[in-house]
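What you see is a predicted model, and the numbers here were worked out from it, not measured in a lab.
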Amino acid sequence: GGICLFSTEAYKEEALIRLISIASGISTKDIKEGRKLKEAVEVYSQTYSKYLFCIDDTSGPTLKRIIEVCNINHPRIVFVDYIQNVVGPGKSEYEAVTGAMEAFEQFSKELKAPFVVASQLHRRMNVHDDNYEPNLADLRGSGRIEEIASGIVLMWHGGDRTMLMIAKNRSFGTLGTFSLSCIPET
């Protein structure tokens, strides 16, 4: 088993460059420009060669597509970026997101693999002041995200900082908000 990533906005190549950058600590800019590509790939290969990575960059993947790819690859973990772009049952965004979350919950049990699913926050987040902290009601598309998810982490920009909030944690119950340091690429 390995890792399946369904990236609805980044092409396979871009997603792979990001993975290599994260694993190697070498900036995506240096990798893209070929300056440290060989070094980055060597570090990535040494670290992750034992894992099978499946990157699917289908725009607007259907639930059927996600399930088919996972059945072929038998991943240990599945990442979906992001749920509002998954084509689920129903006509409204609410119905589609609800259907996708319910399908992911069921399929996660069958695969015995967790699903890490990104979701957008409501656009109204853009009009709040820098001190506004989002909450579970700001998740876009469906209250079923909150109901089904074992854990929910919210991330947003608060002025000049990036914030991370553990808003739901069924496993351990610990909740909290953290400020992240972002190191700009050079």
Side-chain angles (χ1 to χ4, degrees), residues 3-12 14-15 18-19 22 53-70 73 75-159 161-180 182:
I3 299 168
C4 282
L5 167 63
F6 295 89
S7 178
T8 64
E9 293 196 328
Y11 292 111
K12 285 180 189 181
E14 182 66 30
R18 288 179 187 168
L19 288 171
I22 291 166
F53 275 94
C54 167
I55 301 173
D56 186 300
D57 59 0
T58 304
S59 178
T62 62
L63 288 173
K64 182 180 177 187
R65 167 95 180 145
I66 292 171
I67 291 168
E68 285 173 354
V69 170
C70 288
N73 292 285
R76 290 185 178 180
I77 189 167
V78 179
F79 293 92
V80 179
D81 180 20
Y82 59 95
I83 194 166
Q84 285 81 8
N85 280 348
V86 173
V87 179
K91 294 181 180 177
S92 70
E93 180 180 69
Y94 176 86
E95 292 169 341
V97 169
T98 295
M101 282 302 295
E102 290 171 350
F104 293 157
E105 177 185 37
Q106 180 61 37
F107 197 54
S108 175
K109 290 175 185 174
E110 291 172 20
L111 275 177
K112 295 181 175 61
F115 274 64
V116 178
V117 181
S119 173
Q120 288 186 328
L121 296 175
H122 284 286
R123 294 262 183 227
R124 69 175 183 255
M125 281 291 302
N126 295 334
V127 299
H128 293 298
D129 66 61
D130 288 345
N131 296 319
Y132 179 78
E133 289 189 2
N135 57 55
L136 295 173
D138 290 314
L139 289 171
R140 192 174 129 196
S142 171
R144 293 293 286 154
I145 295 172
E146 179 183 350
E147 292 173 31
I148 292 173
S150 295
I152 296 177
V153 177
L154 303 173
M155 187 166 64
W156 74 99
H157 294 287
R161 57 204 169 109
T162 299
M163 302 299 295
L164 190 78
M165 174 194 294
I166 300 172
K168 180 178 180 180
N169 186 347
R170 217 180 259 163
S171 299
F172 302 107
T174 303
L175 306 175
T177 302
F178 309 90
S179 180
L180 301 177
C182 296

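Looking at Ile66 and Val86, their side chains come closer than 4.5 Å, going by heavy atoms from C-beta outward. Counting only heavy atoms from C-beta outward, the side chains of Met165 and Leu175 never approach each other to under 4.5 Å. A 4.5 Å side-chain heavy-atom check between Glu9 and Asp81 finds every atom pair outside the cut-off. Put simply, the side chain of Ser179 does not reach to within 4.5 Å of the side chain of Thr162, judged on heavy atoms. Counting heavy atoms from C-beta outward, Leu154 and Asp138 have side chains that stay 4.5 Å or more apart. Contact check for Leu63 versus Val87: no side-chain heavy atoms found under the 4.5 Å cut-off. Between Asp57 and Phe6, every side-chain heavy-atom pair lies at or beyond the 4.5 Å cut-off. Looking only at side-chain heavy atoms (C-beta outward), Val78 and Cys70 come within less than 4.5 Å of each other.
Here the straight-line distance linking atom CD of Glu102 with atom CD1 of Ile148 works out to 5.0 Å at 0.5 Å rounding. Remark: Phe104 CZ to Ile67 CD1 distance equals 8.0 Å, nearest 0.5 Å. The CE atom of Met163 lies 7.5 Å from the CG atom of Leu180; values are rounded to the nearest 0.5 Å.
Remark: Thr8 pairs with Asn85 by the side-chain hydrogen bond (donor to acceptor under 3.5 Å, both in side chains) rule, at least two apart or across chains. Under the side-chain hydrogen bond (donor to acceptor under 3.5 Å, both in side chains) criterion, Arg18 pairs with Glu14, sequence neighbours left out.
Nearest heavy atoms, Met101 versus Ile145: CG-CG1, 3.8 Å. Contact detail for Thr58 and Arg65: the closest heavy-atom pair is OG1-NE, 3.4 Å. Looking at every heavy atom in both residues, Asn169 comes nearest to Thr174 through ND2-O, 3.3 Å.
Using the six-membered ring where Trp is involved, Phe107 and Phe115 have ring planes that are perpendicular, over 60° apart on the 30 and 60° scheme.
At a cut-off of 3.5 Å, with distance as the only test, a side-chain donor of Gln106 or Glu110 sits close to an acceptor on the other residue.
At least one donor-acceptor pair under 3.5 Å links the side chain of Gln84 to the backbone N or O of Gln120. At least one donor-acceptor pair under 3.5 Å links the side chain of Lys168 to the backbone N or O of Ala149. A donor-acceptor pair under 3.5 Å is formed between the side chain of Ser7 and the backbone N or O of Ala10.
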